[in-house]
Amino acid sequence: MADPAAVAKMDKIVALCKRRGFIFQSSEIYGGLNGAWDYGPLGVELKRNLKDYWWKCMTQLRDDIVGFDGSILMNRAVWKASGHEATFSDPLVECMLTQKRYRADQIEPQSGTVYHYEGIILPPSEGEQHLYHEWAKSVGITVKGFESSSRPDNAKPLLLPFSVLVAKGKGEAAAAKVASQFYKLRGYEDFKLNLYGVEEVENSTKFNPENGAELSPPRIFNLMLKTYIGPVQDDSAITYLRPETAQAMFVQFKNVLDVSQKKLPFGIAQIGKAFRNEINPRNFTFRSREFEQMELEFFVKPGTGPEWLEKWKEERLAWYEEVGIPRAKIHVLTVPDKDRAFYSQGTYDLEYEFPFGVQELEGIAHRGNYDLKQHQEHSGKPLEYFDEELKQKYLPEVVEPSAGVDRTVLAILCEAYAEETIKDEESGKEETRVVLRFAPRIAPVKAAVFPLLKNKPELVAIAKNVYKTLQPLMKVFYADSAAIGRRYRRMDEVGTPFGITIDFETLEGVKEASTSATGAPITVGQKETVTLRHRDSMKQERIAIADLPAYLLAKTS
RNA sequence: GCGGGCGUAGUUCAAUGGUAGAACGGUAGCCUUCCAAGCUACACACGAGGGUUCGAUUCCCUUCGCCCGCUCCA
């Protein structure tokens with residue numbers, strides 16, 4: 001995120017989220033917890049609307065998908081079978097010279113000559129040289145004369161081993177150059193290198209292909225959060241907080257199939273928390289250690305995975321459009337073979353243009369029959385599907401659209417956030433309007449109801465009535481404090497699509513004929529109408545109170 | 001995990017080795033006939049812990065968190 005404007009925008013979104021109650025830092029009064037976030041009153045409505053809409057699209061509007069809610073804790077054997085325990089970890093190595101990190105399994109093997117240095121010898125000060133000769137003798141090396149006698153106080157000879165690989169026949173000079181850099185980077189300027197060994201190696205992955213410098217031993221970062229079940233915290237009690245919701249659906253595939261009266265292709269949908277011990281949570285809620293997933297496991301006949309992968313890609317792209325993320329802002333990445341998970345036979349990543357970069361919202365993977373096969377083998381229980389038409393048993397293939405809830409919420413916030421410069425026509429003064437242009441169906445609050453003036457009881461009474469009428473139908477908000485303009489702007493800032501104002505024309509009848517928001521005519525003198533104010537355009541029109549429920553329901557569902 | 005930067009109110013910004021201020025925002029009241037008006041009052045901050053000091057928000061250390069880069073990303 002090198003772009004300062006993008007950083008500024010992100011900062012504003014984070015500040016708005018806190019100020020208006022969308023998202024708070026977890027454990028804030030105790031200094032926070034890296035990678036964990038809480039959703040406040042508005043955030044939870046937004047997130048719930050998003051999840052509800054996904055759930056509805058998956059399980060209600062389709063005949064071929066059923067819902068599911070698996071436990072977060074599962075038998076450890078699940079994670080052994082799925083491969084997570086063995087492979088959900090990254091062995092990382094670090095270049096000793098540049099301190100850059102690499103995946104250990106991605107280091108190209110090197111052949112050549114390795115020069116082993118044991119350390120460096122600092123020039124002693126006058127009168128201390130004999131001490132250094134003694135030290136050198138004790139470690140079995142020879143110290144020759146020093147050109148310079150300047151050295152920092154407190155400096156000691158350094159026994160810091162470092163090895164360098166150079167191409168065969170290239171000679172020590174090249175190695176010494178790299179080693180010198182290594183020691184210089186640690187603050188030692190005037191020294192002699194102590195070479196204590198030379199060896200030839202073949203296909204070694206212990207050296208950085210870029211500069212020949214030694215790499216640190218691989219360190220394993222297990223991305224699953226380990227926990228213990230029961231009172232005794234020994235190895236037999238270990239399990240993990242699930243790193244993805246998918247496995248419960250594979251493990252229960254047979255049970256769900258048996259009770260659902262479904263034939264292939266059919267899917268199991270689940271929304272739930274998952275946990276990953278991310279090395280480096282970053283970018284607000286984007287990379288968190290605790291997060292929520294919306295996952296679909298769609299089981300299909302063998303050989304039909306590729307076509308379903310395409311279908312689901314299109315299906316999901318259309319869905320994002322419906323929650324306010326335009327197709328143009330989503331990048332479809334066809335994950336290349338080398339980057340794909342080992343079980344995957346094809347993966348699309350749907351990525352959104354966040355202010356901090358283009359990042360993944362959802363992965364759609366053709367997982368083959370890997371998962372069912374693993375669980376069938378490890379559990380010893382048959383998980384095959386009996387195909388009535390073909391009269392044969394087989395393990396279905398699965399296509400998995402797996403979306404991040406929190407990431408999608410964040411994308412929606414980023415996409416909705418807008419600042420407008422408004423010019424006041426009377427005074428000519430310019431001001432900034434902040435507005436969240438949420439798609440109405442996911443907006444946390446659908447409409448706000450206002451009496452134009454608080455100190456006119458007749459307006460307040462009707463406003464409260466309208467509020468109570470709408471309340472059972474949708475999330476509405478009532479406010480009577482402050483000037484009407486200020487109330488509108490507050491609603492803009494949290495993305496409420498409609499403002500409803502009860503004014504004097506509600507009581508006395510309208511002064512000018514107009515067309516209602518519903519398209520019906522509004523005649524002069526007509527009572528029981530209100531001002532309907534639109535968030536995005538700030539335009540106002542009249543609508544009969546009686547028409548409000550149907551109108552708003554149609555516009556916000 | 002490494003390197004760099006930064007932590008004073010919700011936000012933006014002051015000041016200070018000795019009582020922490022403002023603006024905007026917030027709450028309440030008054031007023032107000034449609035886009036952050038006005039008046040009055042109120043609430044809210046030195047991220048945490050330790051050290052130095054008679055006294056630390058200020059100096060030092062540690063830690064936590066945030067931002068940027070690297071790295072990583074089922």
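First the proteins, then the strands, lettered A, B, ... as listed; each starts at 1.
In this structure, E419(A) pairs ionically with K12(A), as a charged nitrogen and a carboxylate oxygen lie closer than 4.0 Å. By the 4.0 Å N-to-carboxylate-O rule, R433(A) lies close enough to E420(A) to be salt-bridged with it. Taking 4.0 Å as the cut-off between side-chain N and carboxylate O, K18(A) and E28(A) count as a salt-bridged pair. A salt bridge does not link R367(A) with E397(A): every distance from a Lys NZ or Arg NE/NH1/NH2 to an Asp or Glu carboxylate oxygen is 4.0 Å or more. The pair D536(A)-R437(A) meets the salt-bridge criterion, since a charged nitrogen lies less than 4.0 angstrom from a carboxylate oxygen. Between K527(A) and E508(A), none of the side-chain N atoms (NZ, or NE/NH1/NH2) sits under 4.0 Å from a carboxylate O, so this pair counts as no salt bridge. One finds a salt bridge joining E310(A) and K313(A) here, because a Lys/Arg side-chain nitrogen approaches an Asp/Glu carboxylate oxygen to under 4.0 Å.
Put simply, CD1 on I29(A) is 13 Å from P on rA45(B), counting in whole angstrom units. Rounded to a whole Å, the CZ atom of F450(A) is 13 Å from the P atom of rA36(B). I422(A) places its CD1 atom 14 Å from the P atom of rA37(B), with the value rounded to the nearest Å. Protein atom CG of L215(A) is 14 Å distant from nucleotide atom C1' of rU71(B), rounded to whole Å. Atom CG of N283(A) is separated from atom P of rC70(B) by 12 Å (rounded to the nearest Å). Atom pair R287(A):CZ and rC66(B):C1' shows a separation of 16 Å (rounding to whole Å applied). If you take NZ of K9(A) and P of rC67(B), they are 17 Å apart, rounded to a whole angstrom. Straight-line distance from the CD atom of E28(A) to the C1' atom of rA48(B): 13 Å, rounded to whole Å.
As the counterpart of rA22(B), rU12(B) is assigned, both hydrogen-bonding distances of the Watson-Crick or G-U wobble pattern falling under 3.5 Å. Base-pair partner of rG3(B): rC68(B) (Watson-Crick or G-U wobble, both distances under 3.5 Å). Across the strands present, rC46(B) finds no partner; the criterion is a Watson-Crick or G-U wobble pair with both atom distances under 3.5 angstrom. Judged by Watson-Crick or G-U wobble contacts below 3.5 Å, the nucleotide rG29(B) has rC39(B) as its partner. Here rG55(B) sits opposite no nucleotide as a Watson-Crick or G-U wobble pair (both hydrogen-bonding atom distances under 3.5 Å).
K454(A) has a side-chain polar atom (N or O) that falls below the 4.0 Å cut-off from OP1 or OP2 of rG29(B). In terms of phosphate contacts, R282(A) brings no side-chain nitrogen or oxygen within less than 4.0 Å of OP1 or OP2 of rC70(B). Distances shown here put every side-chain N or O of R242(A) at or beyond 4.0 Å from the OP1 or OP2 atom of rA74(B). Look at R486(A) and you'll find a side-chain N or O under 4.0 angstrom from OP1 or OP2 of rG25(B). Close to rC30(B), at under 4.0 Å from its OP1 or OP2, lies no side-chain N or O of N455(A).
The L453(A) side chain lies nearest to rU33(B) when the options are rU33(B), rA36(B), rC67(B). Listed nucleotides rC67(B), rA36(B), rA74(B) differ in distance to H84(A); the shortest reach to its side chain belongs to rA74(B). Closest approach to the Q25(A) side chain among rG65(B), rA74(B), rC31(B) is made by rG65(B) (side chain taken as heavy atoms from C-beta onward).
The base of rC35(B) is paired with the side chain of R533(A) by a donor and an acceptor separated by under 3.5 Å. If you check distances only, the side chain of R433(A) never reaches the base of rC35(B) with a donor-acceptor pair under 3.5 Å.
Nucleic acid contact for K456(A): none, since no nucleic acid atom lies under 4.0 Å from a heavy atom of the residue. Nucleic acid contact class of F286(A) (heavy atoms, under 4.0 Å, all strands): none. Within 4.0 Å (heavy atoms only), R20(A) reaches no atom of the nucleic acid at all. Contact annotation for E360(A): no contact, since no heavy-atom pair falls under 4.0 Å across all strands. Backbone-only engagement by N34(A) is indicated by non-hydrogen atom pairs under 4.0 Å involving sugar-phosphate atoms exclusively.
Looking at residues two or more places apart in sequence or on another chain, you find no side-chain hydrogen bond (donor to acceptor under 3.5 Å, both in side chains) involving E214(A).
Here F504(A) packs flat against the base of rU33(B); its ring centre is closer than 5.5 angstrom to the base's six-membered ring, tilted by less than 30 degrees.
When the P atom is used for both rG47(B) and rA43(B), the distance is 22 Å, rounded to whole Å. Straight-line distance between the C1' atoms of rA56(B) and rG49(B): roughly 14 Å, to the nearest whole Å.
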Pick out the pairs of N or O atoms, protein on one side and nucleotides 8-13 of chain B on the other, that lie under 3.5 Å.
none

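Within the 3.5 Å criterion, the main-chain N or O of N277(A) finds no donor-acceptor partner in the side chain of R289(A).
Using cut-offs of 30° and 60° for the angle between ring planes, the F298(A) and W308(A) rings count as tilted.
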